[in-house]
Amino acid sequence: MTDGSRIWTVPANPPKPTELADAWSRVVANAVDLMGASAARPLKGESPLPYDPAAPARAFSEFAAHLLTNPAEILKAQQQAASDWMKLWSNAATRMTGAKPEPVVAPERGDRRFNDPAWSEEPAFDFIKQAYLLAARRSLEMIENAEGLDEATKTRVEFFTQRYIEALSPANFAFTNPEAIRKAIETGNVSLLSGFANLLADAASDAGLVQRRSNEDFELGVNIAATPGSVVYQNELMQLIQYAPTTDEVYKRPVLYIPPLVNKYYLLDLQPKSSLIRWLVGEGHTVFVVSWVNPGAELADMDMADYIRLGPIEALDAIEKATGERSVDMFGFCMGGTLLAMALAYLQGKGQSDRVASATTIGTLFDFSSLGTWATFTEPEQLRAMERHLLHKGFMAAQDLQALFSAVRANDLIWSSVVNHYLLDREAPPSDILYWFADGSHLPRAFLLTYVQQLLRDNALTRPSAMTIDGIPLDLGSVKTPLLAISLKDDHVSTWAATYESAKLFGGPVNFLLGGSGHNAGVINPPSANRHGFWVNDETPETAGEWLASAEKREGSWWPHWQSWLSQDGKAEKVPARVPGEGALPAIEPAPGAYVRMRG
């Protein structure tokens, strides 16, 4: 047994009285802050919850009713559980003799909750771990194998069950986490006292979520969102940033990026070494980026049509004034790609399709029929709760949206921080991508209602003319603009198979590229890192599976492949470099601008 796995070791250096006093002082001070925050909250006015709290009970009731009419499923699950427990008890008894049998169940690849050696080397903790993993596996299998249960109910039950399973992990509790026990002994319980102080501080915050404590490592415009440039245009919904060139010549056709509304644009401009925007500038592109405003109740009536007109369309007008170029290459990420597609259909309907020479979407859905886990939140009762909340408040707060995304990836975004901050009092390492994730934006009422009702619920973009902007019907099938649809293989937000099906809605030439990793991390893939890899295929067969089966796997980053597609293998026409503010549009302020700094 390694020294690192030993639990019951008396500390060589017990805590000093001053350390205990400091820890208790933090607990008391943060408790006072929490009482003050709790007393002030009712004065702000309570709004209806943005979700239906009865949803889990409703889902489990429907599942219980299904099981009562299918007793054979219960009997099968009981038999499997009895077999599992017999094997587990047998293994435990064998370990008492000093042997070390093969485990009955092991954590899945990538599950970091049980990395501490004690989870395997200490028999008691190994038993706790395996018992938990067996219960989790059989619970989810029982749902997955429920014959005759409708898919909507199955999705909801599976989602809520997974969240409960994640919350009940023995790694999340002080008395069943060997690392937490070890550190508590080593520090004379100072770690738990300090962790309790952290918990009280988080409870007093407006977000009400476990907070990372390394945000001071990043500063907008200094070491994150720091690519040089200027805001050259703005309206009530967005600022348009033009980036300063680093080459003597640039490609004649500018590039315009449309980010999602729910997160700020600088996922693509994190630290300089991983900034896609800085890399594009270095490749000789004139890059423009839309930076959305962080809306409050004053913009509650801004609809999706307003965001199309005042976002991509006005950005195109501004770019033409700044550069003299009518046509641009446009790309969008996630929801930004959906807005891009709608803008293309709008321009097609107006006879102005020449304004966009090529389009690239990254992790984007247009067909919302396969939402997977996210279908949990399109239940009618959930939508009515959200609508009541929006009608009262005028917008969906960034904190509520962050809580939603965190719940979907709770192990990574909630429980790992709970363990680090509350049980271990361990400072989180600096993370630019998590800093960006926490720096979210609100969504105005009218926009979100349209997005949920027409896109998520009615799937209107899959039907010609089912949506209109200013009376112009939107038809993705009429769009002939060349499209490169980029997806990410481990995407948990927009599954790559669903994005493949979505891209087939377009009427023009469509190429598909599949990058490695997930929804956010897969986008941040600089060539210098030489990781993840990607797949390409000149054909677009009927299904995503067929596409992947005949695709070519390439190593490294997909960025150079995309650059080659944008620049026509580097043969596209070039012009002298353009400096922000030297065209018809004067510079308003340095990048990253004021809108990205707005906090709700």
Side-chain angles (χ1 to χ4, degrees), residues 225 227 229-244 250-261 263-269 276-277 280-281 285-295 299 302-350 352-362 364 441 447 469-470 472 474 479 481 566 578 580-589 591-596:
T227 301
S230 299
V231 174
V232 295
Y233 180 80
Q234 67 181 36
N235 57 37
E236 58 265 53
L237 290 185
M238 65 96 175
Q239 288 187 317
L240 183 67
I241 302 170
Q242 179 183 354
Y243 289 94
V250 294
Y251 290 103
K252 186 172 186 290
R253 207 160 53 221
V255 174
L256 171 62
Y257 170 51
I258 309 298
L261 274 63
N263 295 113
K264 295 177 180 177
Y265 80 86
Y266 64 89
L267 172 66
L268 303 193
D269 191 25
L276 175 56
I277 290 173
L280 283 173
V281 170
H285 291 281
T286 303
V287 180
F288 290 84
V289 167
V290 166
S291 176
W292 298 111
V293 74
N294 192 3
L299 296 175
M302 285 292 180
D303 203 344
M304 190 171 289
D306 297 305
Y307 272 86
I308 297 294
R309 284 193 305 267
L310 299 176
I313 304 305
E314 283 206 6
L316 290 174
D317 294 337
I319 290 171
E320 186 172 2
K321 290 179 182 177
T323 67
E325 294 299 323
R326 177 172 173 80
S327 184
V328 309
D329 294 308
M330 192 184 299
F331 73 104
F333 170 59
C334 193
M335 182 194 290
T338 307
L339 296 180
L340 181 156
M342 296 173 68
L344 292 177
Y346 175 74
L347 291 170
Q348 183 73 37
K350 292 188 69 176
Q352 299 177 8
S353 59
D354 62 312
R355 304 193 69 184
V356 181
S358 76
T360 301
T361 57
I362 306 172
T364 298
S441 293
F447 176 92
I469 294 177
D470 296 340
I472 295 174
L474 305 185
V479 175
T481 305
L566 280 178
R578 308 171 176 115
E582 290 189 358
L585 293 180
I588 297 173
E589 62 176 325
Y595 283 13
V596 76

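- The two residues A584 and P586 have their closest heavy-atom pair at O-CD, 3.6 Å.
- Taking CG from L339 and CE from M304, the interatomic distance works out to 6.5 Å, rounded to the nearest 0.5 Å.
- Under the 4.5 Å side-chain criterion, counting only non-hydrogen atoms from C-beta, L340 is not in contact with L256.
- Scored by the ring pair (Phe, Tyr, Trp, His ring centres under 6.0 Å) test, F333 finds H519 as partners (sequence neighbours excluded).
- No side-chain donor-acceptor contact under 3.5 Å links T338 to the backbone of G336.
- Taking OH of Y243 as the reference point, atom NE2 of H285 lies at 15.0 Å (rounded to 0.5 Å).
- Applying the ring pair (Phe, Tyr, Trp, His ring centres under 6.0 Å) test to Y257 and every residue at least two apart in sequence or in another chain returns F331.
- Taking the side chain as every heavy atom from C-beta outward, L566 and S358 approach each other to under 4.5 Å.
- Side-chain contact, R578 with T323: no donor N or O sits under 3.5 Å from an acceptor N or O.
- Here the shortest heavy-atom pairing between L237 and M302 reads CD2-CG, 3.9 Å.
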Evaluate the criterion side chain to side chain contact (heavy atoms under 4.5 Å, CB included) for residue pair W292 and I258; output intermediate values, then yes/no.
-> CA-CA 9 Å; W292 298 111; I258 309 298; 4.1 Å; yes

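- Within the 4.5 Å cutoff, side-chain heavy atoms of V290 are placed close to those of P259.
- Side-chain N or O atoms of T481 include none that pairs as donor or acceptor with a backbone N or O of A357 at under 3.5 Å.
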Can you list the steps and then say if V289 with D269 is a side chain to side chain contact (heavy atoms under 4.5 Å, CB included)?
-> CA-CA 10 Å; V289 167; D269 191 25; over 6 Å; no

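- I313 approaches A343 most closely through the heavy-atom pair CD1-CB, 4.4 Å.
- Looking at D329 and T360, their side chains never come closer than 4.5 Å, going by heavy atoms from C-beta outward.
- Note: T286 OG1 to R253 CZ = 12.0 Å, rounded to the nearest 0.5 Å.
- Here CG of L276 is found 6.5 Å from CD1 of I362. Values are rounded to the nearest 0.5 Å.
- Contact check for Y595 versus N294: no side-chain heavy atoms found under the 4.5 Å cut-off.
- At least one side-chain heavy atom of R326 sits less than 4.5 Å from a side-chain heavy atom of R355.
- Atom OH of Y265 and atom CE of M238 lie 14.0 Å apart (nearest 0.5 Å).
- No donor-acceptor pair closer than 3.5 Å links the side chain of Q242 to the backbone N or O of V232.
- The main-chain N or O of V596 is found under 3.5 Å from a side-chain atom of K264 such that the two form a donor-acceptor pair.
- Contact between S291 and I241 at its shortest, heavy atoms only, is CB-CD1, 4.2 Å.
- Nearest heavy atom pair, residue Q239 against residue A594, reads OE1-N, 3.1 Å.
- Residues L344 and A359 share a closest heavy-atom pair of CD1-CB, 3.7 Å.
- Between the side chains of E314 and Y233, at least one donor N or O lies within less than 3.5 Å of an accepting N or O.
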Show your working on side chain to side chain contact (heavy atoms under 4.5 Å, CB included) between V479 and L347 and close with a plain yes or no.
-> CA-CA 9 Å; V479 175; L347 291 170; over 6 Å; no

Decide side chain to side chain contact (heavy atoms under 4.5 Å, CB included) for L316 and M330; before the verdict, give the C-alpha distance in whole Å, the side-chain angles of both, and the deciding distance to 0.1 Å.
-> CA-CA 10 Å; L316 290 174; M330 192 184 299; 3.8 Å; yes

